[in-house]
Number of protein chains: 2
Amino acid sequence: MTNIASGNTLAAVASLIGDVARANILSALMDGRALTAGELAWHAGVSAQTTSGHLAKLTDAKLIAVEKQGRHRYFRLATPDIAQAIEALMAVAATGPKRHRPVGPKDIAMRTARTCYDHLAGRLGIALADALTTKGHVIISDGAGAVTRKGSKFLSEFGIDLAKADKGSRPLCKTCLDWSERRSHLAGRLGAALCVRCFDLGWIRREKDSRAVAITRSGQSGFAKTFGISL
Amino acid sequence: MTNIASGNTLAAVASLIGDVARANILSALMDGRALTAGELAWHAGVSAQTTSGHLAKLTDAKLIAVEKQGRHRYFRLATPDIAQAIEALMAVAATGPKRHRPVGPKDIAMRTARTCYDHLAGRLGIALADALTTKGHVIISDGAGAVTRKGSKFLSEFGIDLAKADKGSRPLCKTCLDWSERRSHLAGRLGAALCVRCFDLGWIRREKDSRAVAITRSGQSGFAKTFGISL
DNA sequence: AGGATAGTTCGGTGCAGGCCGAAATGTGGC
DNA sequence: GCCACATTTCGGCCTGCACCGAACTATCCT
C-alpha cells in the first residue's frame with residue numbers, strides 16, 4: 001500500500017459520513033443552521049442515546065462544532081469545507097445507478113428552492129445565477145464567478161454591500177454544483193449575502209424541518225421585478 | 001427523518017469510500033490512470049479475493065468503470081465528479097484533528113509534484129497556476145479561472161490548442177483545492193492539457209506506484225525558461 | 001495440451017460498531 | 001427542594017461485513 005496515512009484518514013472521514021443516521025444528521029445541518037441534539041435525533045431516525053454517540057464521533061473528528069446554550073447543545077457543520085465535501089458526495093449519489101423517482105411533495109419543494117449551507121440552491125438558486133449573469137452583473141466562467149463593477153452597483157442598490165470584508169479568507173463569489181439541477185449556482189460570500197437579503201426582505205421563508213424554502217407572495221413579485229424571475 | 005432517500009444514497013456512497021481498502025483503491029486511481037485488479041490489490045493491502053469483492057461493489061455503484069483487455073481488467077474512476085468528491089474529502093481529512101507529521105520521502109515527493117486525476121498538483125501545480133496568473137495569461141477569480149486572449153496565444157505557442165473542444169461538456173479551466181498546499185491549482189481541460197504537454201516534453205515523469213511525479217533535468221530548465229519556475 | 005498468470009466465487013470465521021433499555025448527570029422553572 | 005426536560009453513559013445484543021483459504025474459470029504462452 002502506497003500512502004497509508006492519507007488513505008486512512010480519507011477512509012475515516014468517509015466512514016463517518018457513511019452511516020445512515022450520521023448522513024441524515026449532516027444533511028439536516030447542510031442548511032448552515034445549528035440544531036439541538038434532540039432535533040438531530042429526530043432527523044437521524046434513531047434514539048437520543050444513539051444520536052448522542054454519533055454526535056460525539058462527529059465532534060471528535062471536527063466535522064461538526066458544538067455550542068452549549070443552557071440545557072441545549074447546538075450543533076452545526078464545522079466549516080464550509082465540510083459542506084462542500086458533502087455536496088460533492090450528493091452530486092455523485094445523484095448520478096448513481098438508481099434512477100428511482102419516488103418524488104414526494106417535499107422533494108418538489110426541495111427542487112424548487114432550498115438552502116445549501118448558507119446560500120440558495122434549486123431552481124431559484126439557478127435562476128438567480130442566470131439572471132445576474134445575463135444582465136452582466138456577474139461573470140461566471142466554468143467553476144466560479146466574478147462580480148463586475150456594474151454588478152457591484154446593482155447589488156449595493158439591492159441592499160448588499162460586498163465591500164465590508166466579512167471574513168477576509170472566504171471567497172467572494174464561488175459556484176457550487178447543484179445536485180438537483182446539475183448546474184452551478186452562486187455560493188461564497190455573495191451567495192450567502194443574497195440568501196440573507198432575501199430572507200430579510202421576506203421574499204422567502206424556511207419550511208419546517210427541511211432545507212426547502214418557500215417563496216412568499218412578496219417574493220414572487222420581488223423576484224420578478226428585480227431579477228425577472230418567475231418560477 | 002426528513003428526506004430519507006437522499007440521505008441514504010449519500011450514506012451509501014460515503015460508506016463505499018469509508019473502508020480503508022476501498023479508500024486505498026480509489027486513492028490509487030486518483031491519478032486518472034487505469035490499473036489492473038492485481039495492482040489495486042497491492043495498493044489496497046489486502047488479498048486478491050477481497051479486492052475482487054471491493055471492485056465489484058465499486059463498479060456496481062458506478063464509482064469506477066472497468067474495461068477488459070485480455071486476461072486483465074483495467075479499472076479507472078468513472079467520472080471526474082468522483083475524483084472531485086474524493087479530493088474534497090481529502091481536503092477535509094487534511095484539516096482534521098490529527099496533525100501528525102510522519103513525513104516520509106514519498107510524502108515529500110507527493111508534496112512537490114503529483115497528478116490529481118488528470119492534472120498537476122502539489123508545489124509544481126501551484127507554481128504553474130501562479131506563473132500563468134501573474135503573467136496575465138489566466139485570471140483566477142475565487143474558485144475558477146478564465147484564459148485571456150494573450151494567454152491563449154501563449155499556450156498555443158507552448159503547444160496547447162484549447163480550441164479543439166475535446167469534449168464540449170468539460171469545463172475549460174476549473175480550479176481544484178490542493179490538499180497539501182491548501183490553495184487552488186488549475187484543473188479542467190486546461191489543467192489536463194498542461195499536464196499532458198509536460199509529460200510529452202519529457203519535463204516530468206511518473207514515479208513508480210505513486211501519484212508523485214519527478215521533475216526531470218530538462219524539466220528543471222524548461223519550467224524555469226518558460227514559466228520562471230524553480231522548485 | 002500443459003503450465004503459468006489473472007481474476008472470481010464460495011464458505012466460514014471473527015470483529016467492529018450501531019442499536020436500544022436503563023440509569024446517571026446536568027439544567028431550568030416553580 | 002422538587003419535578004420536567006435535555007443529554008450522556010453503561011451494558012448487552014445482534015447484525016453486517018471485511019477477511020482469508022481453497023477451489024474454479026479464463027486467457028496467454030510455448
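Just so it is clear, the structure is predicted and the values come from calculations on it, not from any experiment. Here is how names work: the chains are called A, B, and so on, in the same order as the sequence lines, proteins then strands, and each is numbered from 1.
If you measure from atom CH2 of B:Trp42 to atom P of C:dG7, you get 16 Å, rounded to the nearest angstrom. A:Ile25 places its CD1 atom 12 Å from the P atom of D:dT7, with the value rounded to the nearest Å. Following rounding to the nearest Å, A:Glu39 (CD) and D:dC5 (P) show an atom-to-atom distance of 16 Å. Look at CZ on A:Arg73: it is 11 Å from C1' on C:dG26, rounded to the nearest Å. Rounded to an integer number of Å, the gap from B:Phe75 CZ to C:dA6 C1' is 11 Å. Rounded to whole angstrom, the span from the NZ atom of A:Lys68 across to the P atom of C:dT25 amounts to 14 Å. Between the CG atom of A:Leu55 and the C1' atom of D:dA6 there is a distance of 13 Å, given to the nearest Å. Summarising the geometry, the separation between OH on B:Tyr74 and P on D:dT27 is reported as 15 Å, rounded to the nearest angstrom.
In this structure, A:Thr51 and A:Ala37 approach most closely via the heavy-atom pair CG2-O, 4.0 Å. Closest approach of A:Ala11 to B:Ala23, counting heavy atoms only: CB-CB, 3.7 Å.
Across all strands shown, A:Ala37 has heavy atoms under 4.0 Å from sugar-phosphate atoms exclusively, and none from any base. Nucleic acid contact for B:Thr36: sugar-phosphate only, since backbone atoms but no base atoms lie under 4.0 Å from a heavy atom of the residue.
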Verdict with reasoning, B:Leu194 to B:His119, per side chain to side chain contact (heavy atoms under 4.5 Å, CB included): CA-CA 7 Å; B:Leu194 266 175; B:His119 52 270; over 6 Å; no
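Of the side-chain N and O atoms in A:Thr50, none sit less than 4.0 angstrom from OP1 or OP2 of C:dG18.
Summary of the strand contacts: A:Lys57 and B:Ser52 both lie near DNA chain C, and taking for each the nucleotide with the nearest heavy atom, the more 5' one is attributed to B:Ser52. Residue-to-nucleotide proximity on DNA chain D shows that, of A:Gly53 and A:His72, the 5′-proximal contact is made by A:His72.
A:Val92 is not listed as a side-chain neighbour of B:Thr79, based on a closest heavy-atom distance of 4.5 Å or more.
Side-chain proximity of A:His54 to the nucleotides C:dC20, C:dG7, C:dG18 is greatest for C:dG18. Counting only heavy atoms from C-beta on, B:Arg71 has its side chain closest to C:dA4 among C:dA4, C:dG7, D:dA18.
You'll find a donor-acceptor pair under 3.5 Å spanning the side chain of A:Gln49 and the base of C:dG21, going by distance alone.
Although no hydrogens or angles enter the test, the distance criterion places no donor-acceptor pair under 3.5 Å between the side chain of A:Arg114 and the main chain of A:Arg211.
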